[in-house]
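Residue numbering restarts at 1 for every chain, and letters A, B, ... go by the order of the sequence lines. Model, not experiment: these values are computed from the prediction.
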There are 2 protein chains.
Amino acid sequence: MESLEQKHISMIAEAQRRGRGDAGGIRLCFEVLALASAIDRSCALRLAPHRLSEGKFVLLCLLHDRSEGLAPHELSTRAGVTRATVTGLLDGLERDGYVSRQAHREDRRKILVTLTPSGQVLADALFDEHSQWIASLFNEFEPEDRKTLSNLLARVRHNLAEGKHTDTPSAEGA
Amino acid sequence: MESLEQKHISMIAEAQRRGRGDAGGIRLCFEVLALASAIDRSCALRLAPHRLSEGKFVLLCLLHDRSEGLAPHELSTRAGVTRATVTGLLDGLERDGYVSRQAHREDRRKILVTLTPSGQVLADALFDEHSQWIASLFNEFEPEDRKTLSNLLARVRHNLAEGKHTDTPSAEGA
DNA sequence: TGATTATAGTAAGGCACCTAATCATAAGGT
DNA sequence: ACCTTATGATTAGGTGCCTTACTATAATCA
């Protein structure tokens, strides 16, 4: 597995060609991004045999042990995506037999989404498996290591938030 | 700015509800993913005034100072995307006047892509600005901090690669 | 009561990625 | 020379996200 994606390698080569000073900081950022992409890809590979994407998986988990169901707008809020996106994801999950939609009892605008029995079984198994896999990414990390990593990430996040307010890019160069 | 995305918050809540042991490791993973997403979103915001996505921006940089041009398959290799994707990105860049396509001199299957003058100006300005912004994410990071972060990321990456080979998920629970 | 505002779920269209297929061209083999 | 294989760019279609718009319904206001 590579520490950088190809596009990043190309961009760093270009930065060095232009004599940019801090290729090291740029490289570090790209390492974060590449690791996240690699985790996402691995996640997708693990879910694909069940015909699930990450987004669908999240919906399955949200619906787990909710026999009374959830409405699509509730799913969208908790999953952090738009209602329109939920509609598409539910279409796929319904097609694959994992969820079902019913009319809401009291509000005719609403529907309720519930897991089918096979959806429930799948959510049970996959959640456990997925959680263990994610946790395994930090195997042999001492509490000190975890704390250090979390602090470093927080510092980057802070710098990112700073940059958003004080160094707004302008379109005047275009 | 939040340290976790909404879907992650929901998943951690679910893990805790199920009494999963290592919510801390899961949380740390989600912090990495959330930071990467936040960087991506910020990058997209910085590029949007120029009607550029990250993918288009990468192509602009690859074409910078290459007056002889590059063929789409070369762009696809260096950007790490498929040729089909490059076709679409180039369509947009050509429409916006940043690149032009010409027939290749020697191979009639090929075309050559070059930056237009306005594309060149834009690539000049944006690359510098973008590089500085990325580097600024690591402002005040001492060399020791950078080394630590890089090492920690490498350890996660190593665990990820391990998991890919020894803990292959099965579809038998579906 | 009727008008206005808000909410719910979906449709339509766009974007950026993918895969597979297609047509044209080039290279290699017999 | 002809056939086979390989390569290049694009097309077609799919997915998952977005925004906007739409229709139906509910809530609020005068």
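- Regarding contacts with the backbone of C:dA16, a side-chain N or O of B:Lys56 is found under 4.0 angstrom from either OP1 or OP2.
- Residue-to-nucleotide proximity on DNA chain C shows that, of B:Gly80 and B:Asp107, the 5′-proximal contact is made by B:Gly80.
- For A:Arg105, the CZ atom is loosely surrounded, since the number of other residues' heavy atoms within 6.0 Å does not exceed 12.
- Between A:Gln102 atom CD and C:dA8 atom P there is a gap of 18 Å when expressed in whole angstrom units.
- For B:Ala84, the side-chain atoms get nearest to D:dT11 when compared with the rest of D:dT11, C:dA8, D:dT19.
- The CZ-C1' distance, from B:Phe57 to C:dC17, rounds to 19 Å in whole Å.
- Nucleic acid contact class of B:Arg101 (heavy atoms, under 4.0 Å, all strands): sugar-phosphate only.
- Using modelled atom types, no side-chain atom of A:Arg27 and backbone atom of A:Ile12 make a donor-acceptor pair closer than 3.5 Å.
- With D:dA26, C:dA16, C:dT19 as the candidates, the nucleotide lying closest to the side chain of A:Arg108 is D:dA26.
- Between the C1' atom of C:dC15 and the CG atom of B:Leu47 lies a distance of 15 Å, rounded to the nearest Å.
- Taking the six-membered ring where tryptophan is involved, the planes of B:Trp133 and B:His130 are tilted, since the angle between them lies from 30° to 60°.
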* Could you go step by step and tell me if B:Arg17 and B:Glu14 meet the salt bridge (charged side-chain N to carboxylate O under 4.0 Å, His left out) rule? -> CA-CA 5 Å; B:Arg17 193 183 66 81; B:Glu14 176 70 8; 3.0 Å; yes
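- Cluster membership for B:Leu75 and B:Leu112, using ILVMFWY side-chain heavy atoms within less than 4.5 angstrom, is not shared.
- Taken residue by residue, residues 85-97 of chain A places heavy atoms nearer than 4.0 Å to DNA chain C at A:Thr87.
- Between the side chain of B:Asn159 and the main chain of B:Val156, no donor-acceptor pair closer than 3.5 Å is present.
- Around the CD atom of A:Gln102, the shell of radius 6.0 Å holds more than 12 heavy atoms that belong to other residues, nucleotides or ligands.
- Regarding A:Arg105, its CZ atom lies at a distance of 17 Å from the C1' atom of D:dT25, rounded to whole Å.
- DNA chain C is contacted by both B:Gly55 and A:Pro72; A:Pro72 maps to the nucleotide lying nearer its 5′ end (nearest heavy atom per residue).
- Between B:Lys110 atom NZ and C:dA24 atom C1' there is a gap of 14 Å when expressed in whole angstrom units.
- Remark: the A:Ser136 side chain and the A:Gln132 side chain contain no N/O donor-acceptor pair separated by less than 3.5 Å.
- Listed candidates were C:dC18, C:dG9, D:dA9. Nearest to the side chain of A:His73 is C:dG9.
- An OP1 or OP2 oxygen of D:dC18 is reached within less than 4.0 angstrom by a side-chain nitrogen or oxygen of A:Thr82.
- B:Glu68 and B:Arg66 are joined by a salt bridge, as a carboxylate oxygen and a charged side-chain nitrogen come within less than 4.0 angstrom of each other.
- With C:dA16, C:dG9, D:dG16 as the candidates, the nucleotide lying closest to the side chain of A:Ala71 is C:dG9.
- Between the NE2 atom of B:His104 and the C1' atom of D:dA9 there is a distance of 13 Å, given to the nearest Å.
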Set out, line by line, the N/O atom pairs under 3.5 Å between protein and nucleotides 4-6 of chain D.
none

* Trace of the side chain to side chain contact (heavy atoms under 4.5 Å, CB included) decision for B:Val99 with B:Leu59 -> CA-CA 10 Å; B:Val99 304; B:Leu59 294 189; over 6 Å; no
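- Separating the CG atom of B:Leu70 from the C1' atom of D:dA9 is a distance of 15 Å, rounded to the nearest angstrom.
- Look at CG on B:Leu75: it is 11 Å from P on D:dT10, rounded to the nearest Å.
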